[in-house]
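Below, read A as the first sequence line, B as the second, and so on, with proteins coming before strands; counting in each chain starts at 1.
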2 protein chains.
Amino acid sequence: MRASDRAYGSLRADILEWRLPPGTLLAEVEQASRLGISRTPLREALSRLVAEGLTAAHSGRGVVVTAVSLAGVADLFEVRLPLECAAARLAAARGDRAAFDALAERFEAAGALISSGGTDQHAYYGLVAELDAAIDEAAANPYLVQAQRQLRTHLVRARRLARDNPDRLLASAGEHRQIAEAVARGNPELAAAAVTIHLSNSLHHLQASVPGPLDA
Amino acid sequence: MRASDRAYGSLRADILEWRLPPGTLLAEVEQASRLGISRTPLREALSRLVAEGLTAAHSGRGVVVTAVSLAGVADLFEVRLPLECAAARLAAARGDRAAFDALAERFEAAGALISSGGTDQHAYYGLVAELDAAIDEAAANPYLVQAQRQLRTHLVRARRLARDNPDRLLASAGEHRQIAEAVARGNPELAAAAVTIHLSNSLHHLQASVPGPLDA
DNA sequence: TCGGACCTTTCTGTATACATAGGTCGGCCT
DNA sequence: AGGCCGACCTATGTATACAGAAAGGTCCGA
């Protein structure tokens, strides 16, 4: 694997998991030495992060990790809604029934697990990512996948704005089960409706759980 | 301006205008010498093109200009439809009436110009780009703008698959006028409907005017 | 004491040099 | 004659050196 790929992955993970919080200045020489590589592959990694919108070029000073604001999250969901609906519609029309039936069952099991208190948040988000990946694969549209990938990247950071409580996680599992079931049934409009409900609730939860503007 | 920016803009324009047709191999040393710059800024430009999907990294051989196929165009429109509709809805809800009224009038004038035979295709596409830009500005959503920018880049190349005839251009001008008017009226659903009609006709024209699979 | 200008420092942007990997061409073996 | 192996060569990936520019600090003057 190339050094620039490793640097990109490492920096991206650090930003997504808030080890590099918003506002952090990423100087080239500093990061290059930290990652044990030269400036050339590091610059390529930074370029990719800037293109993704995770960092912004602060002219003459290097790149800084971009802020995550409530207003930005609202914008994000404004675009996510039509895209996720489109993806769900396509997946319902083209997808494999068995795969989404299986996912629906796993979300039901996850809901039961959450109710019983054995909340493994990380594993749950992994399951959500699996559903997203299954929908992407079923939709079979590279442009859609690329656009979704960009948005989901920012979503991961936005999640940290809100503290996930078990109640919301339980509701989320139910909503995801609804989506998977609708896709499994091959009903595009039902799938789009389920996605609309989920995103609406998800955004509302995010906005309600953040008291003030907490952008860094 | 940075040398990498110039290289990026130059290569991007060359690809979009088919001076570098699909399948062209872009070798680093060759392009660097052609553009009169070093390999370092050229590599940054190529990275951006790969991220945009205009070129693909052919491992060990450099990057090649990606193909444009009819199937790809269909995928493109599958994503454009929900995004452009969402943008039109937001613009109708938030936009400035006067600006879109003015654009509607200009599309009417453009239609008259096309009817009279004075077809300036380049100027017309410039006007379309102005409407797109106005909608983007009115929608005021950076995530939406970025996603649209990616798709429109590919659209520009796809246009070359079909030969634009004056009849289609005239119809297109009318459809764009409808969009601008709907946005000016502040009617989101009307605007989305107008966008749906335009994209549907646009895709149909593209598919009808390409007899066989002409991907390069 | 405050403001402005100059200087220094450090950063980015670019070029070039070097190593390695992959591709191609030719020869040899079957 | 066809296929396989090896060597050479070219192009990419990385490192480093250098120049230009911008930001911050400091010093001088009002």
- Can a salt bridge be assigned to the pair A:Asp5 and A:Arg48 using a cut-off of 4.0 Å between side-chain N and carboxylate O? yes
- Query: Looking only at side-chain N and O atoms, does B:Arg2 come under 4.0 Å of OP1 or OP2 in C:dG13?
  - Reply: yes
- Message: Checking A:Arg39 now: which residues fulfil side chain to side chain donor-acceptor pair (under 3.5 Å) with it, not counting sequence neighbours?
- Response: A:Glu28
- Query: Over how many whole Å does the gap from B:Glu28 atom CD to C:dT14 atom P extend?
  - Reply: 15 Å
- Task: Would you please say whether a donor-acceptor pair under 3.5 Å links the side chains of A:Asp132 and A:Gln148?
- Result: no
- Query: In terms of side-chain geometry, is the basic nitrogen of A:Arg157 or A:Glu52 positioned less than 4.0 Å from the acidic oxygen of its partner?
  - Reply: no
- Run the salt-bridge test on B:Arg177 and B:Glu181 with the 4.0 Å N-O cut-off and return the result as yes or no. yes
- Could you identify which residues of residues 31-49 of chain A place a heavy atom less than 4.0 Å from some atom of DNA chain D, listed by residue number, or say none? A:Ile37, A:Ser38, A:Arg39, A:Thr40, A:Pro41
- For residues 48-107 of chain B, which residue pairs qualify under ring-ring contact (aromatic ring centres under 6.0 Å, His included), counting only residues two or more places apart or in two chains? B:Phe107-B:His176
- Atom-to-atom span, OH of A:Tyr8 to P of D:dG13 - whole angstrom: 17 Å
- Assign each of A:Met1 and A:Arg61 the nucleotide of DNA chain D bearing its closest heavy atom; nearer the 5' end lies the nucleotide of A:Met1
- Message: From CG of B:Leu25 over to C1' of C:dG22, roughly how many Å is that when rounded to an integer?
- Response: 14 Å
